[in-house]
Number of protein chains: 2
Amino acid sequence: MICTCIRYGNAYAFPVSSARRPDLAALLAPLVRELVAAEEPVLAAHGLTMWGYVVLCALDRGEVRTQAALAEAINADKTRIIRTLDDLQHSGLIERVPDPEDRRARLLRITAQGRRSKDAAQAQIQRGEERWLGLLDTEERRVFLRALRRMAADRNDGPA
Amino acid sequence: MICTCIRYGNAYAFPVSSARRPDLAALLAPLVRELVAAEEPVLAAHGLTMWGYVVLCALDRGEVRTQAALAEAINADKTRIIRTLDDLQHSGLIERVPDPEDRRARLLRITAQGRRSKDAAQAQIQRGEERWLGLLDTEERRVFLRALRRMAADRNDGPA
DNA sequence: TATTGTTATACTCTATAACTATA
DNA sequence: TATAGTTATAGAGTATAACAATA
């Protein structure tokens, strides 16, 4: 699969099964890979890396402030976002200021420029997604996105 | 969230965007990761690795015979499936016989035992997928899977 | 003692190059 | 010369461990 499946954080090939219906992952994983492949040149054109874009999106949501919280929010190790933060800060896309209430922590914030870059990249990314969503009619598209959001939102609720 | 995206074959974190709607990849990638995480213990219980399962599924489809064709079919480098093939062969799940018409090539075939293992694992995997598909009603499920198959099938058709 | 951010190290997985034997 | 399969090497990306500063 991308057929790739993911363990640790690495990607593996996925089968397109011969069963009555293919495994969900076997359908989804190649699609994800294509979507990601389509995103990368767009991000590059906007001077962003994938991780950088991830961070900007998370900060723009405004739900995290510290590096530790950010790392958890994007499911990354706290050590592996540091370089990304360094670069984003150096480019003026984020700010990193000491937390006056906890001098160990540094508070992160997306800058106006960072938001502009992120929004511009995202707009182009979502236009590109029409290559796939355009295969669906209006009703299918509505149901698909609703279903997908529900399944994605179930993330933290499941029993195991 | 997985939040992982894929480049080369590696995984990256994905944003949950603040836009009108999240990026498709941001919705799909975490879901894929969860699906994969759910598959792994099942595969392990059946004595299979993810790559091994991928290979068995591909061979069971019967569309490829040589190692090179298999590698292409599962989007893997030809060098990185060899160990997997060695293991599968050693476990009696596949056969690898010289091609009488081209003595360079080795023809791959899933064995009856291999098919049993694959089918058993797949049945359990698809039962486990009900954790997600069960969130959809009958009509949603039908539309979702149809839409997904259409988008996944578009793989080789697109303009770029 | 625990936590935040950081750096340095080791490990996993992958791709690349090089080899052989055939074609 | 090109291709199928294989092996060995180097590289990218990640997690783990260890550290300083602060709580």
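Numbered from 1 within each chain, the chains take letters A, B, ... in sequence-line order.
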### Query
Under the 3.5 Å rule, do the base of D:dT22 and the side chain of A:R103 count as making a donor-acceptor pair?
no
### Query
So do the side chains of B:L108 and B:V64 get within less than 4.5 Å of each other, counting heavy atoms only?
no
### Message
Could you tell me how far apart A:D99 (CG) and D:dT22 (P) are, to the nearest whole angstrom?
### Response
13 Å
### Task
Please check the phosphate of C:dA2 (OP1 and OP2 only) for any side-chain N or O of A:R104 closer than 4.0 Å.
no
### Message
Distance criterion of 3.5 Å, no angle test: do you see the side chain of A:R80 paired donor-to-acceptor with the base of D:dT14?
### Response
no
### Interatomic distance, A:E72 CD vs C:dG5 C1' [rounded to whole Å]
16 Å
### Query
How close or far is atom P of C:dT14 from atom CE of B:M50, stated in whole angstroms?
12 Å
### DNA chain D: 5'-proximal contact among B:A68 and A:P100 (nearest heavy atom)
B:A68
### Task
Could you tell me whether the phosphate oxygens of D:dT14, OP1 or OP2, come under 4.0 Å of any side-chain nitrogen or oxygen in A:W51?
yes
### Query
Within the structure shown, what part of the strands sits under 4.0 Å from A:D102 by heavy-atom distance: base, sugar-phosphate, or nothing?
sugar-phosphate
### Task
Please state how far atom CG in A:D77 lies from atom P in C:dG5, giving the value in whole angstrom units.
13 Å
### Task
Provide, to the nearest angstrom, the distance between the CD1 atom belonging to A:I81 and the C1' atom belonging to C:dG5.
10 Å
#### Entry: A:Q67 backbone acceptor or donor facing A:R106 side chain under 3.5 Å
no
### Task
Check every strand shown and say whether A:R96 touches a base, only sugar-phosphate, or nothing at a heavy-atom separation below 4.0 Å.
sugar-phosphate
### Query
Can B:D99 and B:R103 be counted as an ion pair, charged N to O under 4.0 angstrom?
no
### Query
Is there a donor-acceptor pair closer than 3.5 Å between any side-chain N or O of A:D137 and the backbone N or O of A:E140?
yes
#### Entry: Stepwise side-chain contact (heavy atoms from CB on, under 4.5 Å) test for B:I110 and B:V55
CA-CA 9 Å; B:I110 188 172; B:V55 168; over 6 Å; no
### Query
In whole angstroms, how far is the P atom of D:dG5 from the CZ atom of B:R65?
11 Å
### Message
Just the rounded figure in Å: distance from P of D:dT6 to NZ of B:K78.
### Response
10 Å
#### Entry: Rounded interatomic separation in angstrom, taking CZ from B:R83 and P from C:dA15
17 Å
### Message
Considering every strand and a 4.0 Å limit on heavy-atom distances, what is the contact class for B:T79: base, sugar-phosphate, or nothing?
### Response
base
